[in-house]
Amino acid sequence: MDYKHQEIEQKWQAKWREDKTYRVVEDQSKEKFYVLDMFPYPSGAGLHVGHPLGYIASDIYSRFKKLQGFNVLHPMGYDSFGLPAEQYAIQTGQHPAVTTEQNINRYREQLDKIGFAFDWEREIRTSDPKYYKWTQWIFKQLFNSWYDQKANKARPIESLIALFAEKGNTEVTACSCDDTPIITASEWTNFSETERENILSKYRLAYLADSWVNWCPELGTVLANDEVKDGVSERGGFPVEQKLMKQWNLRVTAYADRLLSGLDEIDFSESLKEQQRNWIGKSAGASVTFKVANRDESIEVFTTRPDTIFGVSFMVLAPEHELVDSITTTEFKDQVDEYKKLSANKSERERQANVKSVSGQFTGAYAVHPFTGGNVPIWIGDYVLAGYGTGAVMAVPAGDQRDYNFAKKFDLSIPNIFDGANLEEAANSDNSIPLTQSDFLNDLCGKEAVLKCIEEIEQKGIGRGKVNFRLRDAVFSRQRYWGEPFPIYYENGQPNLVADDKQVMLPKIDTYLPTPDGQPPLARASKQDWNIWEGDSMEFNTMPGWAGSSWYFLRYMDPNNDKQLVDKQIAEYWNQVDLYVGGAEHAVGHLLYSRFWTKFLFDIGQINFQEPFKKLINQGMILGNSAIAKCLGVKVKELTLICGTKISFDRERQVLVTKSMIDQDKLPSEQIDRMVDIRLPIDNLINEFDFDLVSFLKSARGNQFTDSVFLSETGYYLEGKLFDLNGTALNEPGKFQVFREVEKMSKRWFNVQTPDELCEKYGADTLRCYEMFLGPLEQSKPWNTKGINGVNNFLRKFWNLFHSDGQFMVSTKEATPEELKILHTAIKKVQDDLDRMSFNTVVSQLMIAVNELNEINNLSEEVLSKLVVLLSPYAPHLAEELWEALGNESSVTTAEWPKFIAANIEESSFEYPVSFNGKMRFKISLPTNMSKSEIETEVLSHEKSKHYLDGKTPKKVIVVPNRIVNVVA
RNA sequence: GCUCGAGUGGUGGAAUUGGUAGACACGCAAGACUUAAAAUCUUGUGGGCAUUAGCCCGUGCGGGUUCAAGUCCCGCCUCGAGUACCA
């Protein structure tokens, strides 16, 4: 009987569904274990081989834990709100819910084929109204909360209102916006509703504010900082600009310190924690106020080095700083305006690209040094960011390289405040040099100087010690359709929550574009299209993608609860996620926001733990192998079209070399400095000669590339023909050169490999084992199916252990010591390796066991059935089939993990490697219970020892029992 | 630039607390079966010198600690990831 994977896998997948094998219920008698995968966004491309890598690992771990007696929760769902479905909707008019549903069905089909032990009765979808009802609920709680720094937790807004009525806000220690005015109790009492709300919004954890946001015109929405990479949008790579807009914000900054210290309690990789630490960016220093000379204004700066204050020789404000206009003197007004315009026009990307070049402009104004009373010129400059600290710096060119560069460029003075430091080439970076020319700080250095200076600053009333965070409040509005609608309506311009028990549903709209006057798509819905319409208007923004994913792990515990987001007792049972598996790309987005929401839900008493994920492992990416044709390109600032029209660009741009350009001799060859990569579908490239590049380009890229010039091995390739470097047509079959590159799998690069065909050809069990066998889970690796045969062979050999002459055949005899040794070696290794998440070496060990058992005839049933249990997390279908054949009536998932008995692998002798001066020379088999001195005698009297000692007496003999013998001669 | 990883045969990788480097698999080579091929099985496979025992070299490079280093320490090189005018 052959191993027929298709039959077996279909049979068991059906049976599992029928028997609800993977249904999980709360069971207080058992210890729980919660394993979670980052749920996928159901994209149109379906699952590729990279997706299941993490799911397989977590599935194996879940099955392993279950066999060990834990009650394991291992759910799956979909992060189903998001941009691609909406972009598709814009193009086709198809409602995103329809596309999403289709994609989910495809995902489900693919997931089912791999044999995962998910409890599908707990499936959730973030776009399901029954789910986002509770996302909205959490938003309502955030809106109705403020952060009390004294209690160090979120508290109901009513408690703040009571405080205001009693004492105003002067004694309230809360996290609030920087521009919060000071009010007295009587002011508060006499405020109008609108005035009160304006104050409260400075304290609410969800608040509306005009803020500088990353506006992406191409996507028609704002993006959070973590959704912008290198100055372009993470999704799509579109340019991003800064824009001032009224947006919902979440006051994540209130949690900055707890998010930082919480990192010490959780088991995330060091690099991931480091990324979160950097993102939070805590730095301690002082805030100091500088008066503007002869004016009422003053400028507040933040500095981590207040001790260098005597080295201040100028100040720099960000060009966007609010005081720039008022302090600039008439004399410099034009130049300042010019500079402001210049930097405003620079995109985020250009600003980043110009890090090296120093630019700035003097305002004509001076500040007064708070200690010396001296005049300090005030400049504006690009290198000071509006968004960090106060958007202004006190420049200390002697101690800060950027200030130094600025001073050099504009010939500003560089007072040396470091005793004996050399400032010829660069600013001083040695913290052990004592200060000089610094009044009360002279001869101090480092921390001591900083503390002393803060003391003085506070005494003088010109500032205070301050901790600053890089972390900004998170923009929570998106000008999009396919997201959670806000439970908010507006009346007289003020936001109000809809009633507690009401949920705002996503209304129907005719098309998924913004309105002609630039309002978000939801503004298209008429009053009747909304299930709730209150006040003057509803909120037309929707929530960002991370809203639903910030708390989803809680919903799996109690997915159908329509009274609350999760039952408290159930949440207490399942508690934290014990193991979270997913990609590292969510380091500062999802993983930070869900930690934030968890802490908030803890504060308001919904759950009794503060960190969502106890342990996290990042699976590596599986990379695709791309095939690339290189198309010639030039960089030009100007281009003449055939019709004679001249086009000029603002900067050099990439242009493809086309046939007409060559015909017209418009191409100085030295200009051909760039190659444009065109990615080709790898599946069609088995025979490169047969690949029709021209028709491929037509179908995939329109006419854009059809007459472009491609590289061939000896010249160039154009419209299916080959030419040599002189442009002479060659009379041979056309072949452009194909370059290979290993990179991220992506639909648009045609390098995606789906698990489907492998499931069909080799079976899910083989695929599961193979993906694990590829190497350590956390490492990225290129996809390569070369080794899959070996793994498939292993499963066939495993099957064959149970069969002979085409019949199922196992012996009821007692297991021999030899068999037991093989089995228990495997039990120990598999168990230890799974405990440390070394999934690849488990497969190796099982292979070793199978290879060794293969040598033995008439294998005992006792050994084989335990071996089936060992294999079952990796190859559940095969294991079920054999388990059933062994006469078991219940699923192998209900079996017990075999107990390791050390006696079975104990040996009476050990083969000692004997080294001379550290070099292994020969082996000698000795009883394990032999004493050190006996071993030494045995080794030295060995005939080969005489040869290696060469007449010398050994100086020393090291004997490590059951390990090694080393003779030092 | 800074931070964090990683560098081991032709390839993916193993070596868990310093103790036989290269497990397991792929690939390759030879052989068996076959008219032949595929599939399967057997054997070999880090490099070099000898081909029989034996010897030398080998975990990115250069030092060091140790009886013993892929593993620990110091200094470099390369690659990957993240981050970037953060005051």
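Chain letters run A, B, ... following the sequence lines, proteins first and then strands; every chain starts at 1.
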A.B. asks: Provide the distance between the two C1' atoms, one in B:rG44 and one in B:rG10, to the nearest whole Å.
C.D. replies: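 B:rG44 and B:rG10 have their C1' atoms separated by 16 Å.
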
A.B. asks: Using the side-chain heavy atoms of A:Arg836, tell me which of these nucleotides is nearest: B:rC67, B:rA87, B:rA15.
C.D. replies: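 Closest of the options to the side chain of A:Arg836: B:rA15.
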
A.B. asks: Which value, in whole Å, describes the distance between the P atoms of nucleotides B:rG19 and B:rG12?
C.D. replies: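 Per the computed distance, 24 Å lies between those P atoms.
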
A.B. asks: In terms of base orientation, is B:rG9 syn or anti, with the syn window spanning 90° either side of 0?
C.D. replies: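 Syn, angle within 90° of zero.
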
A.B. asks: Of A:Lys944 and A:Gly787, whose closest RNA chain B nucleotide lies nearer the 5' terminus?
C.D. replies: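 Final value for this comparison: A:Gly787.
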
A.B. asks: Measure from the side chain of A:His947, starting at C-beta and using heavy atoms only, and say which of B:rA21, B:rC24, B:rG54 lies closest.
C.D. replies: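 It is B:rG54.
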
A.B. asks: Before you tell me yes or no, could you show the steps for A:Lys797 and A:Asn854 under side-chain hydrogen bond (donor to acceptor under 3.5 Å, both in side chains), namely the whole-Å CA-CA distance, both residues' side-chain angles and the distance that decides it to 0.1 Å?
C.D. replies: CA-CA 8 Å; A:Lys797 279 195 238 169; A:Asn854 216 0; over 6 Å; no

A.B. asks: Between A:Leu774 and A:Ser844, just flag the one whose closest nucleotide in RNA chain B comes earlier from the 5' side.
C.D. replies: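 Going by which nucleotide is closer to the 5' end, it is A:Leu774.
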
A.B. asks: Check whether A:Ser915 reaches the backbone of A:Asn917 with its side chain - one donor and one acceptor, N or O, closer than 3.5 Å.
C.D. replies: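 Not confirmed, A:Ser915 side chain does not pair with A:Asn917 backbone.
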
A.B. asks: What interatomic distance, in whole Å, is found between P of B:rG64 and the corresponding atom of B:rG70?
C.D. replies: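 Pairwise P distance, B:rG70 against B:rG64, rounds to 15 Å.
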
A.B. asks: Quick check for you: among B:rA15, B:rA25, B:rU20, whose closest atom lies nearest to any side-chain atom of A:Asn851?
C.D. replies: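 So the nucleotide nearest the side chain must be B:rA25.
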
A.B. asks: So for A:Lys786 and B:rU11, does any side-chain atom that can act as donor or acceptor lie under 3.5 Å from a complementary atom in the base?
C.D. replies: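 Per atom types, no contact qualifies.
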
A.B. asks: Please check if the distance between the ring centroids of A:Trp279 and A:Tyr593 is under 6.0 Å.
C.D. replies: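 That pair fails the under 6.0 Å test.
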
A.B. asks: Can you tell me which nucleotide in B:rU16, B:rA87, B:rA25 comes closest to the side chain of A:Lys829?
C.D. replies: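 Nearest nucleotide to the side chain: B:rU16.
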
A.B. asks: Taking only the side-chain nitrogens and oxygens of A:Arg277, find out if one of them lies under 4.0 Å from OP1 or OP2 of B:rC2.
C.D. replies: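 No, because none of the side-chain N or O atoms of A:Arg277 sits under 4.0 Å from OP1 or OP2 of B:rC2.
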
A.B. asks: Does A:Tyr404 place a side-chain N or O at less than 4.0 Å from the phosphate oxygens OP1/OP2 of B:rC85?
C.D. replies: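 Indeed not, no polar side-chain atom of A:Tyr404 lies that close.
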
A.B. asks: What does B:rG46 pair with, Watson-Crick or G-U, if both distances are under 3.5 Å?
C.D. replies: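 B:rC57 - that is the nucleotide pairing with B:rG46, both distances being under 3.5 Å.
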
A.B. asks: Quick check, are the ring centers of A:His803 and A:Tyr3 under 6.0 angstrom apart?
C.D. replies: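 Here the rings of A:Tyr3 and A:His803 have centres that are no less than 6.0 Å from each other.
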
A.B. asks: In whole angstrom, give me the gap between the P atoms of B:rG54 and B:rU59.
C.D. replies: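 It comes out at 23 Å once rounded to the nearest Å.
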
A.B. asks: Provide, to the nearest angstrom, the distance between the CG atom belonging to A:Asp832 and the P atom belonging to B:rA14.
C.D. replies: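 Checked: the CG to P distance equals 16 Å.
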
A.B. asks: Mind checking if A:Lys919 touches a base, just sugar-phosphate, or nothing, with heavy atoms under 4.0 Å?
C.D. replies: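 Sugar-phosphate, backbone atoms only, no base.
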
A.B. asks: What nucleic acid atoms does A:Asn966 come within less than 4.0 Å of, heavy atoms only: base, sugar-phosphate, or nothing?
C.D. replies: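 Counting heavy atoms under 4.0 Å across all strands, the contact made by A:Asn966 includes a base.
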
A.B. asks: Looking only at atom C1', what distance separates B:rC4 and B:rG9, rounded to whole Å?
C.D. replies: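 Taking atom C1' in both B:rC4 and B:rG9, they lie 29 Å apart.
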
A.B. asks: For the ring pair A:Tyr404 and A:Phe406, is the centre-to-centre distance below 6.0 Å?
C.D. replies: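 No: the rings miss the under 6.0 Å criterion.
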
